[in-house]
Amino acid sequence: MLVLTTVAFEGLAITTIAAKMAQSLQGIHLYGWIFSAFLLSQLIGTLVMGQQVDKRGVFTSMLVSFSIFVLGTVVAAVSFDMHMLIAGRALQGFGAGALITCVYTCVTLHYSDTLRTQILAAFSMAFVLPSLIGPYLAGFIASYMSWRFVFWIVLPLIGLALSLTFRSFRDLQLRQVLTGPAQTADSKTLHAILLAIGTGLLLTGLGMITYWKGIVLTLGGLFVMIPQMRKLLPKGTFAVKKGLPATLVSRGLYVACYFTTESFVILALTEVKGLSADLAGLIVAAGSLSWSAAAWLQAKLDVRDQGRGRKRRVMMGIGIMIAGTVLVILALMLSDGGIILILLSQMITGFGVGLANPTTAAIALQHAAPRKEGEMSANLQFVDSFYMGVSIGVGGALIALSETLQWGISTGVVMVLTLQLLLVLFSFLASLRITELVHQEHHPISQAKENIPM
């Protein structure tokens, strides 16, 4: 939980101080890459570590992930120009994606299926504190000290997390059954890098979509991305086949809807409604609180029905998200006020994603083949970060288009949120094709032991 809290704090804090960093390093023209570099390298870290954690073991993989994340944090903190900062953010992103993959793999290995929804619900709590104080603390530090200290204060937290978990991860690796050298590891790594390159072209093109160069870059990015996605995602994902493919597609779409809506609601509250940044952040933070409440509730329900109602809870959560998204669009279209409705919409949407998110993770982890737990964990992190990144990128392009055509930022935000409504509607349709496996009572480690030749 401390690992997740640290990664979440870093992400939310950087959102607050990104403009100050870019101005300080005289690189405002590269502002978007503060986020894009993190996202693209996170995809690579997630997929690469998904292979390595099954091959090298969870303890070894965790040490490597910690080291890369710390290195990126130090590089970002001491950056003397924008390019060095972007390099540090890329290392941070790789480390963050790798760390989260290791954490999810530990859940799969250490906890039986009956307990996974409960620990995943507990993980949701790790995002509450960063959501509430991250932006405020980062803004305060950047204003009265230096934005560099926002990076430095992460190091003691990540060091504490490593010291607390060192022995547990080491013992877990000793009991882990490894796959040995993986013939597909190099191929997966290459596809991950190509996917990151394609996504980078897409995001760059979307930022200049009103020019012919932007259109060429966007099409080129899609041309590179799509074949890599077909190779990296489980077979049947593009066709939304029943089972795991439908689970991952549904999850990716509603996660993209939630975080993109959150990002652009903050923009609307500050630029359209005239609220201060701290008050806008507080309104959006209400969604994190209801997320955690719903995650706790689904864990209790999962224990009560022994996992038999998981698909129903996913569909219910997505349905609640649809209602919240519709409400925020209506609230933003009001010419005066609507702040209370926006607050209510964020709480509704947060409750919906909190109900669905741990549940889809538990369903997906049920599909993990023996000795492939890391790969399944990587799939979960991949769909979260990739769908979200593309959704936010498209949203930025819509804002730019609205400004270029002089429609106003308010119209642009409504266009972005309407797109998110379409995504969450498609997510609901995909959830109809989710299938659950027979409830597993065997403990993963115990089952692995049974497969070891004596």
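Because only heavy atoms are used, hydrogens play no part in the values below, and waters and symmetry mates are left out as well, while side chains stay in. Source: prediction; values computed, not measured.
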inquiry  = Between Ser163 and Leu160 (side chain of the first, backbone of the second, donor and acceptor by atom type, cut-off under 3.5 Å), is there such a pair?
reply    = yes

request  = Determine, using ring centers only, whether Phe428 and Tyr254 are less than 6.0 Å apart.
outcome  = no

message = Assess, by modelled atom type and distance only, whether the side chains of Thr325 and Gln420 contain a donor and an acceptor separated by less than 3.5 Å.
response = no

note = For Ala196 and Ile44, the nearest pair of non-hydrogen atoms, with its separation, is CB-CD1, 3.7 Å

ask   = Do Phe69 and Val154 have side chains that get closer than 4.5 Å, going by heavy atoms?
value = yes

query = With a 4.5 Å limit on heavy-atom distance, are the side chains of Leu417 and Leu332 in contact?
reply = yes

ask   = Can you name the closest pair of heavy atoms from Ile320 and Ile348 and give their distance?
value = CG2-O, 3.2 Å

inquiry  = On a heavy-atom basis, which atom in Cys102 and which in Met49 lie closest, and how many Å separate them?
reply    = SG-CG, 3.8 Å

ask   = Hey, what do you get for CE (Met62) to SG (Cys106), rounding to the nearest 0.5 Å?
value = 5.5 Å

message = Donor-acceptor check, side chain of Arg304 to backbone of Ala299, threshold 3.5 angstrom: yes or no?
response = no

task = Give, for atom CD1 of Ile153 and atom OG1 of Thr73, the distance between the pair rounded to the nearest 0.5 Å.
result = 11.0 Å

inquiry  = When you compare the side chain of Trp291 with that of Tyr258, does any pair of heavy atoms fall below 4.5 Å?
reply    = yes

message = Is the shortest side-chain heavy-atom distance between Leu155 and Val74 below 4.5 Å?
response = yes

message = Please check if the number of heavy atoms outside Met347 that lie under 6.0 Å from its CE is greater than 12.
response = no

key: Pair Met321-Leu421, side-chain contact (heavy atoms from CB on, under 4.5 Å): steps then yes or no   = CA-CA 9 Å; Met321 288 186 66; Leu421 178 59; over 6 Å; no

query = Distance-only, no hydrogens or angles: does the Ser65 side chain make a donor-acceptor pair with backbone N or O of Ser61 under 3.5 Å?
reply = yes

key: Taking every non-hydrogen atom, the tightest pair across Ile363 and Lys311   = CD1-N, 4.3 Å

key: Contact check, side chains of Met229 and Phe238, non-hydrogen atoms, under 4.5 Å   = yes

ask   = Can we say Arg313 and Asp302 salt-bridge, meaning some charged N sits less than 4.0 Å from an Asp/Glu carboxylate O?
value = yes

query = At what distance, to the nearest 0.5 angstrom, does OG1 of Thr101 lie from CD of Gln42?
reply = 8.5 Å

inquiry  = To check you understand the geometry: which heavy-atom pair defines the closest contact between Ser67 and Leu63, and what is its length?
reply    = OG-O, 2.8 Å

task = Kindly indicate whether the side chain of Val64, heavy atoms from C-beta on, has any atom under 4.5 Å from the side chain of Ile68.
result = yes

ask   = Does a donor on one side chain and an acceptor on the other come within less than 3.5 Å for Ser250 and Ser431?
value = no

query = Heavy atoms, side chains only, cut-off 4.5 Å: are Leu341 and Leu327 in contact?
reply = yes

